[in-house]
J.: 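Okay, here's the structure, questions in a sec.
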Amino acid sequence: MFECSRKPRQRRKEARPSEIIAAAVELWKERGFAATRLEDIAKGAGIAKGTVYRYFPSKEAVFEAAVEEQIASTTMGRADDLRTANANSEEMLLRYFENVRAELVDSGSFIFLKVLLAEGHRFPDLVRKYEDLVIKNGADVVRGILRRGVDRGELKPQAMNLDPTLVMAPAMMLSLWGTVFDGIQVPDVQHMHHQHVALLLSSLQSEAI
């Protein structure tokens with residue numbers, strides 16, 4: 001059970017936003033977004049409520065910052081690594097799926113999707129923010145991989161017409177698994193991703209390869 005009664009204590013100011021975010025995420029896992037108040041987050045972080053307002057004007061702002069810190073920034077960093085990698089299209093796609101698994105499944109960041117599935121209808125701005133920071137960025141990475149494959153002669157030109165969400169589908173499904181099917185064994189992620197990439201390449205791979 002997450003402890004919410006820690007006494008306020010001195011700490012480096014630059015560490016406070018991350019501590020506030022960490023406390024909020026734990027409380028969302030336990031209570032949900034709507035039932036968690038800013039004063040609850042403050043207690044969980046061991047600080048006064050007024051201190052939270054120095055960094056975040058609202059609970060929604062904490063959520064946006066949490067998505068940015070725990071998913072978007074790391075995902076964009078790994079996307080940069082993909083863009084500079086010396087690998088073929090198959091390796092690039094597999095690396096992409098591995099990154100998604102690490103960020104959304106292994107790290108427990110599926111809590112953000114859980115919040116949006118349960119309460120997104122009450123907080124449409126959060127849904128739009130998640131789409132901008134996570135879904136659209138993911139689609140851009142996939143487009144980049146496909147474009148690179150076409151430019152290198154590894155993929156047919158038709159690959160550029162493929163909807164990136166079709167490529168992302170297994171990653172999106174697995175990120176939802178811990179939310180919708182909590183307690184049910186997760187499929188063999190690596191095997192699923194290899195099969196999906198094989199299916200994609202069977203129709204997209206250039207005949208010259």
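We're numbering straight along the sequence, starting at 1. Below, each value reflects all heavy atoms present in this structure, side chains not excepted, and no hydrogens, waters or symmetry copies.
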J.: Run the side chain to side chain donor-acceptor pair (under 3.5 Å) test on His191 and Gln195 for me, step by step, so that the C-alpha distance in whole Å, both residues' side-chain angles and the decisive distance to 0.1 Å come before the verdict.
T.: CA-CA 6 Å; His191 183 61; Gln195 286 186 320; 3.1 Å; yes
J.: Charged N to carboxylate O below 4.0 Å: is that the case for Asp40 and Arg37?
T.: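 Arg37 and Asp40: salt-bridged.
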J.: Decide yes or no on side-chain contact (heavy atoms from CB on, under 4.5 Å) for Leu162 and Leu200, but give the supporting numbers first.
T.: CA-CA 10 Å; Leu162 188 68; Leu200 288 171; 4.2 Å; yes
J.: Return yes if some donor-acceptor pair links the side-chain N/O of Glu119 with the main-chain N/O of Ala34 below 3.5 Å, else return no.
T.: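 Between the backbone of Ala34 and the side chain of Glu119 there is a qualifying donor-acceptor contact (under 3.5 Å).
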J.: If you measure from CG on Leu204 to CG on Leu146, what distance do you get to the nearest 0.5 Å?
T.: 7.0 Å
J.: Would you give the length of the straight line joining atom CD of Gln158 to atom OG of Ser203, rounded to the nearest 0.5 angstrom?
T.: 9.5 Å
J.: Within this structure, what is the CD1-CG distance for the pair Ile145 and Asp140, rounded to the nearest 0.5 Å?
T.: 11.5 Å
J.: Does Lys29 pair with Glu26 as a salt bridge, N-O distance under 4.0 Å?
T.: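 A salt bridge links Lys29 with Glu26.
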J.: With a 6.0 Å cut-off on ring centres, are Phe63 and Tyr130 close enough?
T.: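 Ring centres of Tyr130 and Phe63 not closer than 6.0 Å.
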J.: His196 and Phe97: aromatic ring centres closer than 6.0 Å?
T.: yes
J.: Indicate yes or no for a side-chain donor-acceptor contact from Glu91 to the backbone of Asn88 under 3.5 Å, with no hydrogens or angles considered.
T.: yes
J.: With a 6.0 Å cut-off on the ring centroids, do Phe123 and Phe33 count as close?
T.: yes
J.: Is the number of heavy atoms from other residues, nucleotides or ligands within 6.0 Å of CD (Glu60) greater than 12?
T.: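 Yes.
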J.: Working to the nearest 0.5 Å, report the span between CD1 of Ile47 and CD1 of Ile20.
T.: 3.5 Å
J.: Kindly check if the number of other-residue, nucleotide or ligand heavy atoms within 6.0 Å of NZ (Lys59) is above 12?
T.: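 Yes - once you tally the heavy atoms of other residues, nucleotides and ligands closer than 6.0 Å, there are more than 12.
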J.: Should Asp151 and Arg148 count as an ion pair when the cut-off is N to O under 4.0 Å?
T.: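 Looking at Arg148 together with Asp151, the answer is no, because their closest N to O distance does not fall below 4.0 Å.
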J.: Do Ser206 and Glu154 meet the criterion of a side-chain donor-acceptor pair at a distance under 3.5 Å?
T.: no
